Amino acid sequence: MAAIVFLLPPLAIAQSADGAFINIYSARHYPTDEALYADFTKSTGIKINRIDSDDAGILTRLKAEGAASPADVILLVDAARLWRAEVEGLFLPVKSKILEEAIPDNLRAKRADNGGIPWFGLSTRARVIVYDKLKLQKSDVDSYEKLADPKLKGKLCIRSGSHPYNLSLFGAMTEHIGPQQTEIWLKGLVNNLARNPAGGDTDQIKGVASGECNVAVTNTYYLARLMRSSNPAEKAMVEKLGVVFPNQSSWGTHLNIAGGAVARNSKNHTNALKFLEYLASASAQNHFANGNNEWPAAKGINFDNPALKAMSGGVFKSEVLPVSAVGMNQIKVQQMLDRVGFK
Ligand code: FE
């Protein structure tokens, strides 16, 4: 993964007439975000230079650059990575009344020693289960635990165990049922695999639609994207699928966070903070909901996304766990994955 860092192009510096710009390192791999960046530049005159990589690539790059890093804003798409970057000191804790009022306590980092907050969640996504309605009943797969049931042998599609989305889910499971039971559960998932883990969440959904597997795990926005697709083949694909928000009768569905922070060595704090505050605004939060099918993190945002409503029924129970606990389990989880042979 570290190799990706060196393949990234150098940052092309664009500046507005008065020289205002920010450099963003972003793991948000969603083309719909372009409109957000354009809107920010239009309303503030602050130009944006962006480097896109995955979470791990960004962290490696920031560490390699150290104090010379040109990064001003960091956008990551996983709570465990946000936590890791925070403990590695890559973020500058910031004081912002706007952000503190908008983003609830449980979706942001704890206050640092300097009184600032190291990072803020900006949107959330649920990790749900999709299944072939002709092959399985909803009650077969209405909890994460059931994915390890031997009756699903050879029927499960899931992306790599060590992808951040799964590391966070498995880290959360470790909090809910303890490490011993989690390792047994992970072994059960491996036993139930229809194929070796490969591809992203959309590939797992397609695996169910094509009959290669009967059940898969995905973040909600990938599914919503297919539901709202204008491509008839993709629409037909999702018609075959049932969606479950797991663990509604116990601790609730696993939620993950995408969030942002000001980079520790930013030379541009004021503009960087302006950008984060913009992302918490009603218009940007609506864009996360309608453009990328994520749930807004800010309080009191009204949004209308038919796919999110259709799949969740409007409301669902989500787990309540401290992000730091999930983050801290990462190493433990990776060791379990190695022991049970979950690639
Ligand atoms: Fe993603």
Side-chain angles (χ1 to χ4, degrees), residues 1 4 8 24-37 50-60 73-85 107 119-130 144 157-172 197-209 216-229 234 237-238 241 243 245-246 253-261 279 284-285 287-297 305 307-308 311-312 318 323 326-327 330 333 343:
M1 242 180 224
I4 296 168
L8 289 171
I24 300 180
Y25 287 12
S26 173
R28 290 188 57 85
H29 49 100
Y30 319 115
T32 49
D33 282 0
E34 296 295 337
L36 274 179
Y37 305 131
R50 209 172 78 236
I51 291 269
D52 293 316
S53 181
D54 60 10
D55 300 72
I58 288 174
L59 266 50
T60 309
V73 171
I74 314 296
L75 299 176
L76 299 176
V77 292
D78 175 78
R81 294 281 188 215
L82 285 161
W83 174 82
R84 168 150 290 195
L107 295 181
W119 56 264
F120 293 86
L122 296 165
S123 60
T124 68
R125 49 282 289 283
R127 199 133 180 82
V128 298
I129 294 170
V130 293
Y144 297 113
C157 275
I158 186 166
R159 78 193 300 166
S160 166
S162 49
H163 186 276
Y165 300 157
N166 279 339
L167 284 180
S168 285
L169 170 62
F170 303 160
D201 286 353
T202 304
D203 299 299
Q204 318 312 315
I205 302 172
K206 289 182 174 171
V208 177
V217 178
T218 178
N219 279 357
T220 34
Y221 56 90
Y222 294 108
L223 182 63
R225 205 181 283 167
L226 293 171
M227 288 167 78
R228 298 174 78 191
S229 168
E234 292 187 334
M237 214 161 70
V238 288
L241 308 177
V243 187
F245 279 65
T253 298
H254 175 65
L255 266 199
N256 210 330
I257 304 172
L279 291 182
Q285 288 287 305
H287 187 83
F288 286 136
N290 295 318
N292 196 44
N293 304 299
E294 295 172 271
W295 278 275
N305 180 316
L308 290 184
M311 73 169 84
S312 65
S318 58
V323 168
V326 174
Q330 273 185 101
V333 168
K343 300 264 162 50

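Computed from a predicted model, the values in this text were never measured in an experiment. Computation of the quantities below employed the complete heavy-atom set of this structure, encompassing side-chain atoms and omitting hydrogens, waters and symmetry-equivalent molecules. One-based numbering, in listed order, for ligands and for the atoms of each.
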Chemist: Considering all heavy atoms of both residues, which atom of I58 and which atom of L75 are nearest to each other, and what is their separation?
Modeler: CD1-O, 4.1 Å
Chemist: Measure across A126 and W295 and return the closest heavy-atom pair with its distance rounded to 0.1 Å.
Modeler: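 Between these two residues, the closest heavy atoms are N-CZ3, 4.0 Å.
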Chemist: Please test R159 against D203 for salt bridge (Lys or Arg N to Asp or Glu O under 4.0 Å), starting from the C-alpha separation and ending with a verdict.
Modeler: CA-CA 8 Å; R159 78 193 300 166; D203 299 299; over 6 Å; no
Chemist: For M237, give me all partners under side-chain contact (heavy atoms from CB on, under 4.5 Å), at least two apart in sequence or on another chain.
Modeler: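 By the side-chain contact (heavy atoms from CB on, under 4.5 Å) rule, M237 matches K206, A209, L226.
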Chemist: Output yes when a side-chain donor or acceptor of Q204 lies under 3.5 Å from a complementary backbone atom of G200, and no otherwise.
Modeler: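 At least one qualifying donor-acceptor pair exists.
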Chemist: What protein N/O/S atoms are there under 2.8 Å from the Fe ion (ligand 1), waters excluded?
Modeler: H29 NE2, Y165 OH, Y221 OH, Y222 OH
Chemist: Please check: side-chain N/O of Q285 versus main-chain N/O of L279, any donor-acceptor pairing under 3.5 Å?
Modeler: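 Yes, the answer is positive, given that a donor and an acceptor are paired below the 3.5 Å cut-off.
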